[in-house]
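Heads up: the structure comes next, in structure tokens.
Reckoned from all heavy atoms, side chains included, excluding hydrogens, waters and symmetry mates.
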Amino acid sequence: LRILRILRILRILRTMADVPGGPANDSIANHLGPRMSLYLAKCSKESPQVFWTMWVTAFLGGIILCSLVGAHKRDIDKRCASLLKIYYTRIVFFAPVLGLTALSALFAPRTTPLMHMLSMQMEAVVFGSFGTVLMLLLCKETHESLPVQEADTSTMGERVIEALNRQGPQPHFGVPPFGCCFRKCLPHHLLKPSHLLLARAFMRQYAFTVLVSGLLGLWLALASDYQVFSHVNGILNKVVKLSSFICIYGLFILYKCTHDMLEHYRPTAKFVSLKIIVLLMNFQELIISPIVKKTSNGKSCLVNGDHDEEYGQLLVEHMVTMYLTVWESILVAMLVRRAFPASDLPDSEVVLYHAEEVEIQWQQMRTHKKGADVSDCSTSDEEEGSQPRPQD
């Protein structure tokens with residue numbers, strides 16, 4: 001009897017979903033747009049010149065993008081295996097993920113929330129990888145400029161701090177986007193482990209924020225009506241933008257304090273190649289919106305159901321943004337190839353300290369009292385490891 005009741009409830013829900021204007025149609029089909037087959041047939045019939053031109057040129061842009069990234073990836077694969085090579089490979093895939101997700105949204109507008117979430121998560125991964133690249137290069141330069149002496153017991157974390165403080169006290173927190181206006185007011189100080197750990201935390205929080213907001217926005221797009229989704233999604237976008245500015249602030253702190261040591265690695269070009277797409281996407285939203293409002297009447301083949309003019313203009317804005325993103329990703333691929341060349345990678349096996357290992361050493365330096373020996377932790381760990389383990 002319980003099984004029959006469950007089946008009866010499922011039958012009623014299915015009937016409600018099939019009714020035009022029912023809850024399922026209103027919450028899912030309408031504000032996500034038509035399905036792919038209906039969208040292609042309807043838009044190619046109502047505006048064939050506009051949409052066929054957009055689809056064909058965007059597809060050609062995707063081919064160009066894949067060829068550029070493939071050539072860069074082949075150059076990197078020729079280098080010796082190293083930690084630096086792993087993170088360079090992650091950064092190389094930033095442009096194709098950005099462009100191909102936008103291209104997919106052009107052919108299936110219903111997938112726009114999902115594609116946007118994937119591109120934002122890849123952006124967070126790349127920013128974290130860029131911070132790790134700076135850390136690896138910094139350790140490499142410190143190892144070469146401050147070679148370890150026989151009687152020296154200092155860790156790599158201590159030597160990195162020593163190398164960075166050679167330039168003397170600096171206003172390390174007076175960088176864009178938050179501290180540049182207060183640079184003259186901020187005190188000059190030497191770098192401490194807590195400062196670098198804070199900069200890394202600023203970069204890592206972006207990945208968590210993007211993941212949570214993306215999943216929540218996608219859930220709302222599938223489960224709620226358009227009014228609730230539009231309101232909450234606007235709040236989520238503001239939270240993500242604030243989180244991205246905090247991430248950029250952490251990147252600027254790390255970039256500024258390592259610029260002099262890593263100057264021959266062109267850190268400025270590396271930073272610009274990754275941030276230019278974010279700046280372009282933020283500014284193009286401000287430009288596209290008023291243009292679409294003046295040129296569009298809100299009636300579009302993207303609209304599925306009865307919606308107001310503002311909603312139709314919003315869908316057109318999304319399509320134009322996705323189309324421009326395909327071509328902007330080609331620019332990103334070209335800049336990344338110049339800023340992260342395969343020549344930066346070692347031809348032979350070299351000693352590279354892992355960024356997480358150095359961060360652990362900084363945490364030990366921060367938690368230990370002034371004048372304490374950092375090696376006490378490692379000594380205690382060895383003593384614990386030397387004790388006999390209990391039998392299973």
Side-chain angles (χ1 to χ4, degrees), residues 10-66 96-122 214-230 233 288 292 295-330:
L10 292 176
R11 190 179 305 159
I12 294 174
L13 292 176
R14 182 178 180 182
T15 305
M16 293 174 63
D18 293 336
V19 174
N25 274 358
D26 181 68
S27 61
I28 299 178
N30 285 354
H31 72 260
L32 286 182
R35 298 187 182 276
M36 183 176 178
S37 57
L38 179 61
Y39 156 72
L40 294 176
K42 187 177 179 181
C43 291
S44 61
K45 182 179 179 180
E46 294 183 3
S47 304
Q49 296 180 351
V50 174
F51 281 91
W52 275 108
T53 302
M54 180 182 64
W55 292 332
V56 173
T57 54
F59 185 77
L60 293 177
I63 295 176
I64 297 173
L65 173 64
C66 292
V97 170
L98 194 68
L100 295 180
T101 51
L103 181 63
S104 175
L106 284 178
F107 287 93
R110 290 173 62 90
T111 63
T112 299
L114 175 62
M115 296 298 105
H116 180 69
M117 182 186 70
L118 294 177
S119 62
M120 294 294 290
Q121 289 181 359
M122 187 62 187
L215 291 175
L216 182 58
L218 185 60
W219 181 81
L220 286 172
L222 297 174
S224 65
D225 55 14
Y226 173 68
Q227 287 75 15
V228 175
F229 168 73
S230 178
N233 192 55
I288 292 174
V292 171
T295 58
S296 176
N297 57 4
K299 297 180 180 179
S300 173
C301 57
L302 301 173
V303 178
N304 185 30
D306 297 329
H307 284 286
D308 53 11
E309 181 178 346
E310 182 181 357
Y311 176 74
Q313 292 175 353
L314 180 63
L315 293 178
V316 175
E317 290 177 21
H318 288 168
M319 293 299 294
V320 175
T321 301
M322 293 297 103
Y323 179 76
L324 294 177
T325 302
V326 174
W327 293 99
E328 290 165 356
S329 61
I330 298 177

Output the distance between atom CD (Glu328) and atom OG1 (Thr321), rounded to the nearest 0.5 Å. 8.5 Å
Separation of Leu215 CG from Leu220 CG (nearest 0.5 Å): 11.0 Å
Could you report the tightest heavy-atom contact between Pro109 and Met319, atom names first, then the distance? CG-SD, 4.2 Å
Applying side chain to side chain contact (heavy atoms under 4.5 Å, CB included), can you list everything that pairs with Ser119, at least two apart in sequence or on another chain? Leu98, Thr101, His116
Check the pair Ser329, Leu103 against side-chain contact (heavy atoms from CB on, under 4.5 Å), reporting the backbone distance first and the verdict last. CA-CA 11 Å; Ser329 61; Leu103 181 63; over 6 Å; no
Nearest heavy-atom approach of Ser104 to Thr111 is O-OG1, 4.0 Å
Which pair of non-hydrogen atoms, one from Ala102 and one from Val326, has the smallest distance, and what is that distance? CB-CG2, 3.9 Å
Side-chain donor-acceptor contacts of residues 49-65 below 3.5 Å, not counting sequence neighbours, with atom names and distances?
| from | atom 1 | to | atom 2 | distance (Å) |
| --- | --- | --- | --- | --- |
| Thr53 | OG1 | Gln49 | O | 2.6 |
| Trp55 | NE1 | Tyr39 | OH | 3.2 |
| Thr57 | OG1 | Thr53 | O | 2.6 |
| Thr57 | OG1 | Met54 | O | 3.2 |
| Thr57 | OG1 | Tyr323 | OH | 2.8 |

Should Leu114 and Leu218 be marked as a side-chain contact (heavy atoms from CB on, under 4.5 Å) after you check the CA-CA gap, both sets of side-chain angles, and the distance that decides it? CA-CA 7 Å; Leu114 175 62; Leu218 185 60; 4.0 Å; yes
Distance in Å, Lys45 NZ paired with Leu40 CG, rounded so as to fall on 0.5 Å steps: 14.5 Å
